[in-house]
Amino acid sequence: MTALKNDTFLRALAREPVEYTPVWMMRQAGRYLPEYRATRSQAGDFLSLCKNTELACEVTLQPLRRYALDAAILFSDILTIPDAMGLGLYFSEGEGPKFHKPITTEQDIEQLQVIETTRDLPYVLDAVRAIRRELNNTVPLIGFSGSPWTLATYMIEGGSTREFLKSKLWLYNKPELLHQLLEKLAHSVTDYLNSQIAAGAQVVQIFDTWGGVLSDSAYRDFSLHYMTKIISGLTREADGRRVPVILFTKGGGQWLESIAASGCDAAGLDWTTSIGNARARVGSHIALQGNMDPALLRASPARIEQEVAAILEDFGPGEGHVFNLGHGITPDIDPEHVKVFIDSVHKLSVRHHQRG
């Protein structure tokens with residue numbers, strides 16, 4: 001086992017003693033950084049950036065050069081799997097991701113092949129290997145995937161949506177077909193994450209971005225069921241260490257007990273759930289990640305520091321907290337405000353971990 005210079009993030013996920021609360025940000029490599037915008041311009045477009053090993057590695061490392069982050073996260077997109085399945089992913093400026101061939105019929109589902117990552121998505125694995133090499137064991141690398149339900153919504157809707165009209169129509173009128181799609185996606189996600197782990201990812205996160213739009217029973221049957229299945233099929237040890245799994249359902253606070261029983265090591269929280277309440281409910285079983293509202297990064301430095309202090313106080317003393325935003329950082333944020341956020345977490349959290 002190669003020793004990490006900073007393994008605070010891994011120890012926090014294992015609910016082991018740490019000197020301070022570790023912090024990283026969802027979308028930490030992104031458009032709020034001028035150096036990212038320059039590199040994306042060099043690549044030509046977002047998908048080309050994802051598929052260029054050298055540039056994907058570069059943008060992954062950019063935020064770590066600016067900030068004392070405790071983890072790196074692979075620069076990629078959750079929709080690489082549907083793209084590899086032949087749906088034809090593309091990005092329209094200002095409109096987000098779209099597919100040339102969305103799922104519309106039973107035949108479309110039958111023709112979908114479960115992906116084999118080493119064959120179908122080699123550029124992702126090349127990026128993982130390159131990033132691990134460049135990190136040189138400074139901090140852990142996070143790999144990730146979208147959840148089957150979240151991927152399915154994009155595949156059925158043909159892109160982003162706020163209403164989920166087609167997805168929910170399938171859910172209620174053709175549940176057996178939706179289950180067939182989710183089953184193929186679950187097998188694909190399992191292979192994808194295991195391949196990332198084999199290539200060097202030391203932690204993996206499942207992004208269930210749209211689980212929170214489901215009813216209670218639908219969430220359990222169409223989202224959590226498949227994430228639990230994925231977790232049971234993951235490689236849980238590599239390079240002599242446990243490989244932790246973080247499960248993040250946006251809007252999932254009501255299901256915390258069930259998420260904790262999924263086999264994950266940590267649950268990601270959005271800002272609508274009190275982290276203190278979450279800890280009281282599940283903190284003895286899993287670690288918790290979160291959960292500052294990303295909009296607070298638009299506030300004054302003093303207000304940002306105040307919010308960090310409040311969340312740390314809400315969680316309380318002891319282990320098992322990874323600080324993060326409750327969702328991804330937005331492109332309009334001042335990079336200096338991010339520095340205030342990260343430095344405040346490190347500075348203010350020390351007293352919560354003092355022992356004796």
Side-chain angles (χ1 to χ4, degrees), residues 12-13 15 24-27 73 78-79 142-154 156-157 160-164 167-168 171-172 178-179 182 185-186 189-190 193 203-232 234 244-296 311 314-315 320-330:
L13 289 174
R15 293 181 290 115
W24 69 280
M25 294 184 304
M26 290 183 275
R27 295 195 199 131
I73 182 166
I78 63 168
L79 298 179
I142 306 165
F144 69 90
S145 174
S147 71
W149 162 252
T150 293
L151 298 180
T153 65
Y154 285 100
I156 294 167
E157 304 290 342
S160 302
T161 180
R162 291 185 181 181
E163 291 81 21
F164 303 92
S167 308
K168 289 198 172 184
L171 190 154
Y172 293 119
L178 184 54
H179 279 302
L182 293 169
L185 286 168
V189 170
T190 304
L193 292 177
V203 179
V204 291
Q205 175 160 312
I206 301 172
F207 283 88
D208 186 32
T209 310
W210 300 125
V213 307
L214 293 168
S215 70
D216 179 66
S217 60
Y219 174 75
R220 295 175 190 280
D221 292 344
F222 292 90
S223 185
L224 186 59
H225 168 75
Y226 290 98
M227 292 190 289
T228 302
K229 191 169 191 172
I230 290 163
I231 292 168
S232 71
L234 290 180
V245 180
I246 304 165
L247 197 164
F248 174 63
T249 293
K250 186 170 181 283
Q254 64 176 307
W255 297 297
L256 270 176
E257 290 84 356
S258 298
I259 289 170
S262 70
C264 69
D265 297 271
L269 304 174
D270 65 26
W271 61 91
T272 62
T273 299
S274 153
I275 200 163
N277 175 264
R279 188 183 188 190
R281 290 163 60 191
V282 301
S284 61
H285 300 290
I286 57 170
L288 295 169
Q289 179 177 279
N291 61 332
M292 194 174 89
D293 184 348
L296 268 148
I311 291 170
D314 193 20
F315 185 87
H321 184 197
V322 172
F323 215 112
N324 206 315
L325 303 176
H327 200 237
I329 184 171
T330 52

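FYI, side chains are in, hydrogens and waters are out, and symmetry mates aren't considered; it's all heavy atoms of this structure. Small disclaimer: the values here were computed from a predicted structure and weren't measured.
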Could you list the residues that satisfy side chain to side chain donor-acceptor pair (under 3.5 Å) with T150, not counting sequence neighbours? S147, D208
Could you tell me if the side chain of D293 sits less than 4.5 Å from the side chain of L325, heavy atoms only? no
So ring pair (Phe, Tyr, Trp, His ring centres under 6.0 Å) across residues 249-271, not counting sequence neighbours, yields Y219-W255
What I'd like to find out is whether the side chain of S262 reaches to under 4.5 Å of the side chain of M227, using heavy atoms alone. no
Please enumerate all residues that pass side chain to side chain donor-acceptor pair (under 3.5 Å) together with D265, with sequence neighbours excluded. R236, R242
Which residues satisfy the side chain to side chain contact (heavy atoms under 4.5 Å, CB included) test with T190, sequence neighbours excluded? N194, I230, L234
Over 60° means perpendicular and under 30° means parallel, so tell me whether Y226 and H179 are parallel, tilted or perpendicular. tilted
Please tell me if the side chains of F248 and Q205 come closer than 4.5 Å, counting only heavy atoms from C-beta onward. yes
With sequence neighbours excluded, residues passing side chain to side chain donor-acceptor pair (under 3.5 Å) with S274: D314
If you take all heavy atoms of A278 and L269, which pair is closest and at what distance? CB-CD1, 3.7 Å
Quick one: does S145's side chain get under 4.5 Å of F207's, heavy atoms only? no
Taking the side chain as C-beta and beyond, is there a heavy-atom pair between V213 and T153 under 4.5 Å? no
In chain order, what residues pass the side chain to side chain contact (heavy atoms under 4.5 Å, CB included) check against A261, with sequence neighbours excluded? none
In short, A287 meets R15 closest at the heavy-atom pair N-CD, 3.8 Å
Shortest non-hydrogen contact between S258 and R220, atoms and distance: OG-NH1, 2.6 Å
Between L224 and T249, is any pair of side-chain heavy atoms under 4.5 Å apart? no
Applying ring pair (Phe, Tyr, Trp, His ring centres under 6.0 Å) to F164 and not counting sequence neighbours gives W210
Matching residue for F144 among V203, V204, I73 - test: side-chain contact (heavy atoms from CB on, under 4.5 Å): I73
Which residues share a side chain to side chain contact (heavy atoms under 4.5 Å, CB included) with A267, sequence neighbours left out: L256, I259, I286, L288
Could you list the residues that satisfy side chain to side chain contact (heavy atoms under 4.5 Å, CB included) with R27, not counting sequence neighbours? H327, I329
Sequence neighbours left out, what passes side chain to side chain donor-acceptor pair (under 3.5 Å) with K250? Give chain and number order. none
So, using salt bridge (Lys or Arg N to Asp or Glu O under 4.0 Å) as the criterion, who are the partners of K229 when residues are at least two apart? E183
Residue pairs, two or more places apart or on separate chains, that pass salt bridge (charged side-chain N to carboxylate O under 4.0 Å, His left out) and touch residues 269-281: E257-R281
Nearest-0.5 Å distance, OG of residue S215 to NZ of residue K168: 7.5 Å
Within the 4.5 Å heavy-atom criterion, are L193 and V245 side-chain neighbours or not? no
